[in-house]
Amino acid sequence: MAIDWPSTQAEVFRENPLGILNAKTWSHYHSYGGWGRFFEGLRVGKLLATQCTNQQCGEHRLWLPPRCECPDCWHEMAWREAPTTGRIFTWSTVLYPGELFRLPPETSLISVEIDGVCTKLMSYLKDGKPEIGMPIKAVFNTKKPTNTILDLAWVPA
Amino acid sequence: MIKFGPGNLRIPKFERPVYIVAGGLTDFRKKYPEKNTCQLCTEALRMAVEENDLKVSAEEYRRSVNWCVYSQFADHFGDQLLAAAKVQDYLGFDPLGNVEIKTGGATGGSAVLAAAQAIASGYADCVPVIGWERMDEVSTKVGNSYIASAACKDFESELGWMYAAYYALMAQRYQHENEVPREALAKIACKNHEYACYSPYSQNPGHYTVEDILKNEIVSHPLSFLECCVMSVGAAVLLLADEETAYRMTDTPIKLSAICGGTHTLRTADRRNMPILLLPNENDATYREYFDGRRNEWPGFSSFLAARMAAYLAYHMAGIHDPVEDFDLLETHDAFTISDVQTYEDIGLRPYGRGREFIESGDAYYEGRLPTNLSGGLIGTMHAVGATGIFQIVEVLWQLQNKWDKFHADPERWTRYGKKKPDDFRSLQVKSPKRGCAISHAGTGSHVTCAILEKP
């Protein structure tokens with residue numbers, strides 16, 4: 001059986017030294033696993049955190065981003081609704097984001113300090129000018145969710 | 001981990017001494033289409049073996065090797081899984097055993113650590129460590145997305161797809177807590193761009209004033225382009241050996257008296273408060289007033305526990321009491337000006353909150369008490385990630401072997417890379433250095449290694 005030469009070719013972008021375009025166009029089928037509940041919560045306007053249920057464990061504050069198992073004792077965590085108000089712990093307005101960024105350049109990234117939460121969730125400010133210590137409240141992209149962390153944002157409280 | 005158990009702070013030890021015989025580099029460029037990765041690794045290896053006045057021939061060296069360690073950060077960039085197998089084949093080291101190490105920006109440091117462990121345990125006598133990165137197959141913007149894949153993809157990467165932004169968040173908080181003037185950060189960028197002017201290997205040399213840095217375009221507030229590391233293509237190689245092999249190969253081996261690693265959470269956000277882990281030159285009194293004012297936690301966003309942990313272990317392992325006094329030169333992972341100031345504190349050059357004094361006092365300069373990043377660092381010379389931690393140790397090694405001039409001042413080195421040795425060239429060879437240190441750093445402080453080299 002005679003085999004035909006391939007019908008498509010790699011595009012040459014430079015002759016010397018020879019360089020070709022290796023195109024990549026496929027998707028990854030990524031599962032959030034046990035963290036999916038957090039993203040499902042964002043769709044319906046809920047900020048869901050987890051808390052260690054082991055009475056002997058020393059850490060009983062909320063985790064946000066959530067974890068399915070406690071890193072201090074490996075015990076299973078319980079889901080809890082976290083407060084939806086907090087303060088800006090730090091911020092940066094990103095002028096040259098990377099290729100996959102879906103928000104406009106000049107979006108201000110923020111780290112959010114929330115009472116009772118042992119971590120400082122990274123998010124973005126949807127409105128207003130950021131300042132360290134500024135009180136903020138959570139807003140949710142419930143109408144047309146992206147099903148990513150971008151469905152949560154914050155505005156001045 | 002917040003509370004240390006008795007085993008967690010055990011000081012590492014080598015069962016027998018570990019030596020570095022020689023080092024080699026390629027030059028570093030934004031794009032290097034003329035040479036493929038295998039060619040770059042061969043070039044750096046040949047410099048290490050053939051241009052260091054070794055007492056063995058290249059053939060004898062090849063016949064002495066018994067284990068290899070490879071260092072590449074991102075399969076994304078190289079677009080070649082199992083790249084180490086290809087490099088090993090092209091270098092002619094098959095069928096010897098090897099490992100490829102991956103710990104982000106600290107990959108080079110971790111690779112040297114892995115090679116040292118092999119020698120110290122007696123598993124191997126003669127181990128080349130070969131590192132590279134090929135970051136020119138994609139645009140800078142896509143490259144930044146690839147690097148941001150080394151943030152948490154579920155909860156962080158979508159927010160910026162840009163590592164500079166994650167460091168900028170730390171910079172804002174650090175400045176808020178410590179009231180550091182922007183000028184102090186800019187001085188670090190000026191220094192490293194300037195030292196890169198005296199390196200034929202450098203990608204981004206330049207004579208800049210503090211004003212130039214501050215007027216430069218912003219990447220992510222408050223960091224400007226000139227305060228961020230370059231994205232490079234290139235390779236670096238170190239030859240490690242046990243004592244007997246090292247002296248058989250060279251009269252000037254340098255002892256690797258310690259190399260230790262620490263880690264912390266991939267997400268800066270997840271770093272919980274804990275007591276400051278004290279270095280040998282600190283005590284409780286050092287931080288009696290630290291938590292007054294705007295600081296309320298450690299390590300928070302202003303400090304790297306991974307760097308503190310690596311320094312703690314390495315200083316105890318090598319008997320370092322005061323790094324500024326005990327070291328004669330230092331290479332830090334200056335990916336961003338802010339991370340450099342943070343590192344000054346983490347490794348005890350100044351107490352927490354006072355890192356700015358290390359640059360402002362003049363200590364960090366060639367003329368100062370602890371010349372830092374005479375190589376030009378990541379801001380001025382290179383960040384071909386898998387090669388970076390190895391490059392840093394190569395530069396410290398050359399200083400300790402008194403070979404800095406040989407590898408930087410010879411005009412032929414410059415012509416080799418299509419450059420002309422600058423008319424205002426000056427030697428940065430430190431006078432009779434005895435001991436040097438190199439810090440390799442990943443993520444927003446996810447992995448850090450601390451290597452201590454000394455003249456035997």
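Sequence lines set the chain letters: A, B, ... in the order given, protein chains first and strands last, and positions in each chain run from 1.
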At a 4.5 Å cut-off on heavy atoms, which part of [X] comes close to chain B: side chain, backbone, both, or neither?
| X | value |
| --- | --- |
| A:N22 | side chain |
| A:W35 | side chain |
| A:L150 | side chain |
| A:E59 | side chain |
| A:S123 | backbone |
| A:F89 | both |
| A:P17 | side chain |

Classify the side-chain pair [X]/[Y] by whether it contains a donor and acceptor separated by less than 3.5 Å.
| X | Y | result |
| --- | --- | --- |
| B:N36 | B:R134 | no |
| A:N147 | A:Y32 | no |
| B:K30 | B:T140 | yes |
| A:T148 | B:E158 | no |

Can you tell me how far apart CD1 (B:I188) and CD (B:E227) are? Round to the nearest 0.5 Å.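 The CD atom of B:E227 is 8.5 Å from CD1 of B:I188, to the nearest 0.5 Å.
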
For each of [options], tally heavy-atom pairs with chain A at distances under 4.5 Å, and name the one with the top tally.
| options | answer |
| --- | --- |
| B:V219, B:N144, B:T268, B:N273 | B:V219 |
| B:T265, B:D154, B:V138 | B:D154 |
| B:S145, B:A168, B:G300 | B:S145 |
| B:E217, B:H221, B:R173 | B:R173 |

Donor-acceptor contact below 3.5 Å, side chain B:T26 vs main chain B:A235: yes

Considering only heavy atoms, which portion of [X] lies under 4.5 Å from any heavy atom of chain A: side chain, backbone, both, or neither?
| X | result |
| --- | --- |
| B:Y146 | neither |
| B:Y166 | side chain |
| B:Q175 | neither |
| B:A148 | neither |
| B:E137 | neither |

Less than 4.0 Å between a side-chain N and a carboxylate O, is that true for [Y] and [X]?
| X | Y | result |
| --- | --- | --- |
| B:E43 | B:R416 | no |
| B:E177 | B:R295 | no |
| B:R267 | B:E156 | no |

Check each of B:E179, B:Q342, B:E345 against B:Y174 using the side-chain hydrogen bond (donor to acceptor under 3.5 Å, both in side chains) test, and report the only one that passes. B:E345

Specify which of [options] makes the most heavy-atom pairs with chain B at under 4.5 Å.
| options | answer |
| --- | --- |
| A:L100, A:L103, A:L152, A:V94 | A:L100 |
| A:S108, A:P97, A:P65 | A:P65 |
| A:G133, A:G98, A:G19, A:P105 | A:G98 |

With sequence neighbours excluded, tell me which residues meet side-chain contact (heavy atoms from CB on, under 4.5 Å) with B:E183.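 Counting only residues at least two positions away or on another chain, B:E183 forms a side-chain contact (heavy atoms from CB on, under 4.5 Å) with B:P181, B:V210, B:L214.
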
Is there a side-chain contact between B:M170 and B:F336 in this structure, where contact means two heavy atoms from C-beta onward sitting under 4.5 Å apart?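 In short, these two side chains do not touch, never coming nearer than 4.5 Å.
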
